[in-house]
Amino acid sequence: YMTVAGLEYFLETGINLEIPVFLNIRFTKEDRIMLLKRMITQDKVDSFILKGSLAQLPLNMHLYLSQAGAALLFYNQRREQIYMILKEPGLLEMLRDYLESLSDREHYSLEESHAIIEDMIRTYEKKWGMKK
């Protein structure tokens, strides 16, 4: 799950806020486009774009959820990066249940999300004068 603002920030800056600051590198424009293309072509990964009130989440808040655990990453008011690993089964189940229960009012469908990402790819390829 992501936001349009988060994708635009990544495309504009080349910085992935999910990577710890001390490891962060600026992705090239070609790599930014390649990563977005992979997001919409990976068979085992579904990429949904949030809308409505959930689209207003801060850029610096990231939640990754898998069968084995979850990771929550955010920056506090002192600009320190906080990284929490969650493994408590009840909390993980609650997060899974919440994400799976999001309605169409809260995120675009998979097809709509992919169309938005494809449009962003075309826009930035054109903006940067890249050949397809």
Side-chain angles (χ1 to χ4, degrees):
Y1 294 88
M2 65 204 72
T3 64
V4 169
L7 288 170
E8 287 174 341
Y9 179 85
F10 174 69
L11 284 165
E12 287 291 334
T13 66
I15 295 173
N16 181 343
L17 292 171
E18 294 182 37
I19 298 173
V21 174
F22 63 91
L23 294 175
N24 217 334
I25 59 164
R26 190 174 301 271
F27 287 88
T28 66
K29 291 175 180 176
E30 293 79 13
D31 286 343
R32 297 174 214 175
I33 296 295
M34 178 201 58
L35 288 170
L36 263 63
K37 286 180 178 179
R38 284 188 179 173
M39 283 174 45
I40 58 177
T41 59
Q42 293 285 341
D43 288 338
K44 295 183 180 182
V45 178
D46 291 336
S47 300
F48 293 97
I49 296 179
L50 297 170
K51 62 181 177 179
S53 60
L54 290 177
Q56 307 308 313
L57 289 175
L59 288 177
N60 66 359
M61 181 179 290
H62 304 278
L63 174 65
Y64 170 78
L65 183 64
S66 72
Q67 293 298 329
L72 178 64
L73 182 142
F74 61 93
Y75 292 85
N76 65 17
Q77 292 178 337
R78 292 184 295 202
R79 309 279 302 148
E80 299 167 324
Q81 194 172 43
I82 308 298
Y83 190 72
M84 297 170 46
I85 297 174
L86 310 170
K87 293 194 174 223
E88 200 280 307
L91 182 57
L92 293 173
E93 190 56 38
M94 180 188 73
L95 286 170
R96 262 188 222 95
D97 189 46
Y98 171 72
L99 291 173
E100 289 172 1
S101 72
L102 290 176
S103 73
D104 292 343
R105 289 187 323 260
E106 294 148 331
H107 69 80
Y108 294 98
S109 70
L110 187 60
E111 295 77 20
E112 291 169 323
S113 296
H114 285 189
I116 291 168
I117 295 169
E118 288 169 349
D119 186 52
M120 293 177 88
I121 290 169
R122 283 190 299 275
T123 299
Y124 278 84
E125 283 178 333
K126 183 177 180 182
K127 177 179 178 177
W128 294 330
M130 300 172 82
K131 294 184 180 183
K132 298 176 187 176

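All residue numbers refer to positions in the sequence shown, counting from 1. This one's a predicted model, so the numbers in the text were calculated from it and none came from an experiment.
- Side chains of S109 and E112: a donor on one and an acceptor on the other come within 3.5 Å.
- Residues meeting the ring pair (Phe, Tyr, Trp, His ring centres under 6.0 Å) test with F74, sequence neighbours left out: none.
- By the salt bridge (charged side-chain N to carboxylate O under 4.0 Å, His left out) test, R78 is found to be paired with E80, residues two or more places apart in sequence or in another chain being considered.
- In this pair, F27 and F10 present their aromatic rings perpendicular. The plane angle is above 60°, beyond the 30 to 60° band.
- Counting heavy atoms from C-beta outward, E8 and V4 have side chains that approach closer than 4.5 Å.
- Between L50 and Y108, every side-chain heavy-atom pair lies at or beyond the 4.5 Å cut-off.
- Applying the salt bridge (charged side-chain N to carboxylate O under 4.0 Å, His left out) rule to pairs touching residues 91-100 yields E93-R96, sequence neighbours excluded.
- For CG of D119, the number of neighbouring non-hydrogen atoms (other residues, nucleotides, ligands) closer than 6.0 Å is greater than 12.
- Between L7 and I49 the shortest side-chain heavy-atom distance falls below 4.5 Å.
- One finds no salt bridge joining E12 and R32 here, because no Lys/Arg side-chain nitrogen approaches an Asp/Glu carboxylate oxygen to under 4.0 Å.
- The hydrophobic cluster containing L59 does not contain I25, counting ILVMFWY residues as joined when their side-chain heavy atoms lie under 4.5 angstrom apart, directly or transitively.
- Considering only heavy atoms from C-beta on, N16 stays 4.5 Å or farther from L35 through its side chain.
- The shortest side-chain heavy-atom distance between L86 and M84 falls under the 4.5 Å cut-off.
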